[in-house]
Amino acid sequence: YIYSLTKGSLALSIDYINNNFREIDDHLTSIIRDTNLIKHNTAYHYINFLKNKGSENELIISFFNFFILKICDVIKSSKNKNDSIYLLSMHKYLNSLKTKFVTFNLSYEHLLIHYFNTLKNGK
């Protein structure tokens with residue numbers, strides 16, 4: 001599963017294991033597939049997950065990478081063309097937020113809150 005998700009990347013596989021992303025994997029997949037499952041506190045669920053692990057920049061970048069991979073995985077299994085197009089745009093947008101986090105050292109908390117709101121209301 002990890003090999004397929006990470007497209008064979010050893011670094012991403014190690015990040016997945018070391019950061020225990022398995023703990024949030026199923027939930028993240030379900031909310032990507034059905035944005036109606038995103039609740040008002042969903043972003044805070046992931047923020048707390050990251051804070052409990054130390055909130056280091058490397059962890060945050062790994063989380064963004066994992067989230068991006070999950071979107072790709074859902075797109076790959078999607079049967080609905082409109083959902084795939086929407087998720088491709090959200091993939092691109094999440095990648096731009098990751099770049100802003102890295103480049104401008106923006107608050108990951110604000111970026112995640114904004115992203116989950118956009119994901120929830122974007123359809």
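Judged by distance alone, the side chain of Asn121 and the main-chain N or O of Asn117 form a donor-acceptor pair under 3.5 Å. Listed for the Asn41 side chain is no donor-acceptor partner under 3.5 Å among the backbone atoms of Tyr44.
At a threshold of 4.5 Å between side-chain heavy atoms, the hydrophobic network of Ile, Leu, Val, Met, Phe, Trp and Tyr places Ile14 and Tyr16 in two separate groups. Note: the hydrophobic cluster containing Ile75 does not contain Ile85 (ILVMFWY, side chain heavy atoms under 4.5 Å, direct or indirect links). No continuous path of ILVMFWY side-chain contacts below 4.5 Å connects Leu10 to Ile2, so the two sit in separate hydrophobic clusters. A continuous path of ILVMFWY side-chain contacts below 4.5 Å connects Ile17 to Ile68, so both sit in one hydrophobic cluster.
Under the ring-ring contact (aromatic ring centres under 6.0 Å, His included) criterion, Tyr93 pairs with His114, sequence neighbours left out. Under the ring-ring contact (aromatic ring centres under 6.0 Å, His included) criterion, His110 pairs with no residue at all, not counting sequence neighbours. Under the side chain to side chain donor-acceptor pair (under 3.5 Å) criterion, Asn36 pairs with Asp34, not counting sequence neighbours. Ser77 pairs by the side chain to side chain donor-acceptor pair (under 3.5 Å) definition with Arg33, not counting sequence neighbours. Residues passing the side chain to side chain donor-acceptor pair (under 3.5 Å) test with Tyr3: none are found, sequence neighbours excluded. Shown here are the salt bridge (Lys or Arg N to Asp or Glu O under 4.0 Å) partners of Lys98, two or more places apart in sequence or in another chain: there are none. Residues passing the ring-ring contact (aromatic ring centres under 6.0 Å, His included) test with Phe49: none are found, sequence neighbours excluded. Under the salt bridge (Lys or Arg N to Asp or Glu O under 4.0 Å) criterion, Asp15 pairs with no residue, sequence neighbours left out. With sequence neighbours excluded, no residue forms a side chain to side chain donor-acceptor pair (under 3.5 Å) with Ser9. Taking the ring-ring contact (aromatic ring centres under 6.0 Å, His included) definition, one finds that Tyr115 meets it with Phe67, sequence neighbours left out.
When side chains are defined from C-beta on, Thr29 does not count as touching Asp73, because their heavy atoms never get closer than 4.5 Å. Considering only heavy atoms from C-beta on, Phe64 stays 4.5 Å or farther from Asn95 through its side chain. Ser107 places none of its side-chain heavy atoms less than 4.5 Å from the side chain of Phe101.
No more than 12 heavy-atom neighbours from other residues, nucleotides or ligands sit within 6.0 angstrom of NZ on Lys92. Applying the 6.0 Å contact sphere to NZ of Lys76 captures more than 12 heavy atoms from other residues, nucleotides or ligands.
Interatomic distance, CG of Leu5 versus OG of Ser13, reported as 8.0 Å (0.5 Å rounding). Of the inter-residue distances, the one linking Leu94 atom CG with Asn65 atom CG reads 9.0 Å to the nearest 0.5 angstrom. Interatomic distance, CD1 of Ile38 versus CD1 of Ile31, reported as 5.0 Å (0.5 Å rounding). Between atom OG of residue Ser62 and atom CD1 of residue Ile60 there is a gap of 9.0 Å, rounded to the nearest 0.5 Å. Here the straight-line distance linking atom OG1 of Thr35 with atom CE of Met90 works out to 9.5 Å at 0.5 Å rounding. One distance of note links OG1 of Thr42 with CD1 of Ile47; it measures 10.5 Å at 0.5 Å rounding.
Listed here is the closest heavy atom pair of Leu119 and Tyr86: O-OH, 2.9 Å. Pairing each heavy atom of Leu59 with each of Gly54, the nearest pair is CD2-N, 4.5 Å. Ser30 approaches Leu37 most closely through the heavy-atom pair O-CD1, 3.6 Å.
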> Would Lys7 and Cys72 count as a side chain to side chain contact (heavy atoms under 4.5 Å, CB included) if you check the C-alpha gap in whole Å, the side-chain angles of each, and the deciding distance to 0.1 Å?
Replying inline: CA-CA 10 Å; Lys7 298 174 179 51; Cys72 290; 4.0 Å; yes
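Here the options are Ile61, Leu28, Leu12, the test is side-chain contact (heavy atoms from CB on, under 4.5 Å), and the partner is Phe66; only Leu28 passes.
Within the structure, the side-chain hydrogen bond (donor to acceptor under 3.5 Å, both in side chains) test picks out the following pairs touching residues 49-58 (sequence neighbours left out): Ser55-Tyr108. Residues in residues 16-28 take part in these salt bridge (Lys or Arg N to Asp or Glu O under 4.0 Å) pairs, two or more places apart or across chains: Arg22-Asp25, Arg22-Asp26, Asp25-Lys70.
Taking the six-membered ring where the residue is Trp, the centroids of His27 and Tyr46 are separated by under 6.0 Å.
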